[in-house]
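Fair warning: this is a prediction, and the values are worked out from it, not measured in the lab.
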Amino acid sequence: TVPVVIEAFTAANNSTVNASYKAYIVSAAGVEQPQVPFTVIVWGDNDFGQGLANQVIPAGGSLRVESSALDSIYFTASGREVTE
């Protein structure tokens with residue numbers, strides 16, 4: 001695998017409740033680095049993950065997100081591979 005640069009991120013709250021989310025970049029070794037420590041999204045609103053754009057997910061790593069309410073926030077991310 002190769003590193004990936006996050007180009008865009010959207011968290012959309014399509015539910016009828018306010019909800020929060022957190023986002024982490026996780027290394028191949030499993031070490032989590034908080035990128036969005038805590039953000040509340042009012043129902044019917046979007047958040048564009050300020051702080052995630054241009055961050056690098058290392059080779060073998062991942063982007064992990066968690067939400068405070070099941071089926072409330074839908075996440076979309078796009079990026080590009082980085083050649084070393």
* **Atom pair OG/CD of Ser27 and Glu32 - distance to nearest 0.5 Å** => 9.0 Å
* To do: May I ask you to test the Ser72-Ser67 pair for a side-chain heavy-atom distance under 4.5 Å?
  => yes
* Rounded to the nearest 0.5 Å, how far does CD1 of Ile25 lie from CD of Gln35? -> 4.0 Å
* Side chains of Gln55 and Val5: closer than 4.5 Å at any heavy-atom pair? -> no
* Ala69 and Ala19: which non-hydrogen atoms are nearest, and at how many Å? -> CB-CB, 4.1 Å
* **Which atom of Leu63 lies closest to which atom of Ala77, heavy atoms considered** => CD2-CB, 4.3 Å
* Side chain Ser68, main chain Ser20, donor-acceptor under 3.5 Å -> yes
* Asked: Side-chain contact, heavy-atom cut-off 4.5 Å: Thr83 with Val2?
  -> no
* **side-chain hydrogen bond (donor to acceptor under 3.5 Å, both in side chains) contacts in which one or both residues fall within residues 4-17, not counting sequence neighbours** => Glu7-Arg80, Asn13-Ser15
* Can you list the residues that meet the side-chain contact (heavy atoms from CB on, under 4.5 Å) rule with Glu66, with sequence neighbours excluded? -> Lys22, Tyr24, Arg64
* Asked: Side chains of Val82 and Val4: does their closest heavy-atom pair fall under 4.5 Å?
  -> no
* Shortest non-hydrogen contact from Val65 to Ala23? -> CG1-CB, 3.8 Å
Name every donor-acceptor pair, under 3.5 Å, that has one atom in a side chain of residues 45-54 and the other anywhere in the protein, sequence neighbours excluded.
from	atom 1	to	atom 2	distance (Å)
Asp47	OD2	Tyr21	OH	2.5
Asp47	OD2	Gly49	N	2.9

* Asked: Quick one: do Phe75 and Val26 end up in the same hydrophobic cluster if we chain Ile, Leu, Val, Met, Phe, Trp and Tyr together by side-chain heavy atoms under 4.5 Å apart?
  -> no
* Atom of Ala59, atom of Ala28 and distance for their closest heavy-atom approach -> O-CB, 3.7 Å
